[in-house]
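The structure appears right after this line, and notes come after that.
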Amino acid sequence: MFPLRADIPARTRPVATIVLIVVNLATQVYLLTLAPGPRQDLIYRLAIIPSEITKLDPYTVDEVLYNGMTLLTAMFLHAGPIHLLGNMLYLWIFGGCIEDAMGHARFGLFYLACGLAASLAQIAASPDSAVPMVGASGAIAGILGAVIVMYPTARVLTLLILILIVKIVKIPALIFLGVWLLIQLLHAGASGPGAVAWFAHVGGFVAGVALVAPLRRKRPRQRLF
């Protein structure tokens with residue numbers, strides 16, 4: 001299922017969402033200007049490596065600051081154009097309505113908090129992993145969690161591909177995002193350390209569900225019935 005549009009009206013321009021997209025795109029463009037060696041070195045320096053964060057050796061102040069920095073910088077790095085464009089598609093479709101519900105500054109804090117929670121969830125699930133973690137997926141998963149709480153009956157225009165059947169249909173957000181979450185849970189339960197940080201997606205989603213109520217503006221949320 002590929003989302004194309006969500007029929008959730010927003011009253012304000014999604015300034016923070018646009019800024020986040022621009023920063024993510026600019027970072028990827030910069031990485032592509034580097035030679036393969038320096039690019040790989042930079043990604044390793046700015047990515048989260050769980051085994052480095054959870055090692056038993058006493059931290060120096062520099063190590064604490066460095067590893068803390070990677071929890072933020074990793075959110076703006078991506079493994080490649082497909083990874084980046086998929087994340088930015090979800091951010092553009094679903095970010096604006098949550099930004100409208102929270103306001104620009106609160107939405108920015110919400111995005112970073114969900115990304116941080118997502119990273120910590122993956123670190124807890126795979127503390128010995130030496131695989132670098134990058135991407136905005138965890139933060140965007142938090143946005144999806146907020147959408148399912150606030151706009152469960154909204155319709156998501158979706159490109160649906162079932163083997164040889166290709167259709168464009170409108171699916172309630174509750175079903176679309178429920179299926180998305182189920183896929184993440186199934187993969188998280190079946191996989192070990194690998195190329196996709198499934199537990200980060202789940203952790204970000206849970207954080208989004210938990211944080212949307214205290215951060216949203218005082219407007220009535222959409223009811224399921």
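Positions are given from 1, in the same order as the sequence printed here.
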**Message:** Starting from Leu85, can I reach Val29 by hopping between I/L/V/M/F/W/Y residues whose side chains sit under 4.5 Å apart?
**Reply:** no

**Prompt:** Should His78 and Val134 be marked as a side chain to side chain contact (heavy atoms under 4.5 Å, CB included) after you check the CA-CA gap, both sets of side-chain angles, and the distance that decides it?
**Reply:** CA-CA 6 Å; His78 287 82; Val134 296; 5.6 Å; no

**Request:** Report the C-alpha separation of Leu20 and Phe107 in whole Å, then their side-chain angles, then the decisive distance to 0.1 Å, and conclude whether the side chain to side chain contact (heavy atoms under 4.5 Å, CB included) test is met.
**Result:** CA-CA 11 Å; Leu20 288 168; Phe107 175 75; 4.0 Å; yes

**Message:** Please report the interatomic distance CD1(Ile98) to CD1(Ile143), rounded to the nearest 0.5 Å.
**Reply:** 7.5 Å

**Prompt:** Between Ala154 and Asp7, what is the shortest heavy-atom contact and its length?
**Reply:** C-OD1, 3.5 Å

**Asked** Say you draw a straight line from CE of Met75 to SG of Cys114; how long is it, rounded to the nearest 0.5 Å?
**Response** 9.0 Å

**Request:** Please name the pair of heavy atoms, one in Val209 and one in Gly145, separated by the smallest distance, quoted to 0.1 Å.
**Result:** CG2-O, 3.6 Å

**Request:** To the nearest 0.5 Å, tell me how far Ile18 CD1 sits from His104 NE2.
**Result:** 9.5 Å

**Message:** Applying a strict under-4.5 Å side-chain criterion to I, L, V, M, F, W and Y, I'd like to know whether Ile140 and Val22 cluster together.
**Reply:** yes

**Message:** A side-chain contact here means heavy atoms from C-beta on lying under 4.5 Å apart; do Pro127 and Pro50 qualify?
**Reply:** no

**Item:** side chain to side chain contact (heavy atoms under 4.5 Å, CB included) between Met102 and Val212, worked out
**Value:** CA-CA 8 Å; Met102 292 182 176; Val212 63; 4.0 Å; yes

**Verify same cluster id: Leu84, Phe2 (apolar side-chain graph, 4.5 Å)** = no

**Request:** Could you check if a side-chain atom of Met1 sits within less than 4.5 angstrom of a side-chain atom of Val179, using non-hydrogen atoms only?
**Result:** yes

**Request:** For Val166, enumerate each residue passing the side-chain contact (heavy atoms from CB on, under 4.5 Å) test, keeping only those at least two apart in sequence or located in another chain.
**Result:** Leu159, Ile161

**Prompt:** side-chain contact (heavy atoms from CB on, under 4.5 Å) with Met69: which residues, sequence neighbours excluded?
**Reply:** Leu46, Tyr66, Thr73

**Asked** Distance from Arg155 atom CZ to Ile8 atom CD1, nearest 0.5 Å?
**Response** 12.0 Å

**Message:** Looking at Ile82, I'd like to know if its CD1 atom is crowded, meaning that more than 12 non-hydrogen atoms belonging to other residues, nucleotides or ligands lie closer than 6.0 Å.
**Reply:** no

**Prompt:** For Ile48 and Ile123, what are the C-alpha separation, side-chain angles and deciding distance, and is it a side chain to side chain contact (heavy atoms under 4.5 Å, CB included)?
**Reply:** CA-CA 9 Å; Ile48 297 167; Ile123 292 168; 3.9 Å; yes

**Item:** Test item: Arg106 side-chain N/O and Leu215 main-chain N/O as donor-acceptor pair under 3.5 Å
**Value:** yes

**Item:** Set of residues satisfying side chain to side chain donor-acceptor pair (under 3.5 Å) with respect to Gln184, sequence neighbours excluded
**Value:** His201

Show me, pair by pair, the donor-acceptor contacts under 3.5 angstrom made by side chains of residues 30-45, not counting sequence neighbours?
from: Thr33; atom 1: OG1; to: Tyr30; atom 2: O; distance (Å): 2.5
from: Arg39; atom 1: NE; to: Leu31; atom 2: O; distance (Å): 2.9
from: Arg39; atom 1: NH2; to: Leu34; atom 2: O; distance (Å): 2.9

In residues 168-175, what donor-acceptor pairs under 3.5 Å come from side-chain atoms, sequence neighbours left out?
none

**Message:** So, using side chain to side chain donor-acceptor pair (under 3.5 Å) as the criterion, who are the partners of Thr17 when residues are at least two apart?
**Reply:** Glu99

**Prompt:** What pair of heavy atoms forms the shortest contact from Ala74 to Ala47, and how long is it?
**Reply:** CB-CA, 4.1 Å

**Message:** In this structure, would Leu109 and Ile21 fall into the same cluster of hydrophobic residues linked by side-chain contacts under 4.5 Å?
**Reply:** no

**Request:** State, to 0.1 Å, how close Leu211 and Ala113 come at their nearest heavy-atom pair, and which atoms those are.
**Result:** CD1-CB, 3.8 Å

**Request:** Could you pull out all residues at least two apart from Phe205 that satisfy ring-ring contact (aromatic ring centres under 6.0 Å, His included)?
**Result:** Trp180

**Request:** Check whether the side chains of Asp100 and Thr12 place a donor and an acceptor atom closer than 3.5 Å, and report yes or no.
**Result:** yes

**Asked** Minimum heavy-atom separation for Gly203 to Ala117, with atom names?
**Response** O-CB, 4.4 Å

**Message:** Please enumerate all residues that pass side-chain contact (heavy atoms from CB on, under 4.5 Å) together with Ala200, with sequence neighbours excluded.
**Reply:** Ala118, Gln122, Ala197

**Request:** Name all residues meeting the side-chain contact (heavy atoms from CB on, under 4.5 Å) criterion together with Val23; count only those two or more places apart in sequence or in a different chain, and write none if there are none.
**Result:** Val19, Thr27, Phe76

**Prompt:** At what distance, to the nearest 0.5 angstrom, does CG of Leu116 lie from CG of Leu71?
**Reply:** 6.0 Å

**Request:** Please lay out, stage by stage, how Ser51 and Asp128 fare under the test side-chain hydrogen bond (donor to acceptor under 3.5 Å, both in side chains).
**Result:** CA-CA 5 Å; Ser51 61; Asp128 299 322; over 6 Å; no

**Prompt:** Just by modelled atom types, is the Leu160 backbone N or O under 3.5 Å from a matching donor or acceptor in the Thr158 side chain?
**Reply:** no

Would you give me the side-chain donor-acceptor pairs under 3.5 Å for residues 89-96, sequence neighbours excluded?
none

**Atom pair CG (Leu144) and CZ (Phe176), whose distance is rounded to the nearest 0.5 Å** = 8.0 Å

**Message:** Tell me the closest heavy-atom pair linking Ala136 and Tyr111, and the distance in Å.
**Reply:** CB-OH, 3.3 Å

**Asked** Should Val147 and Leu4 be regarded as members of a common hydrophobic cluster, given that ILVMFWY residues are connected when their side-chain heavy atoms come within less than 4.5 Å of each other, either directly or indirectly?
**Response** no

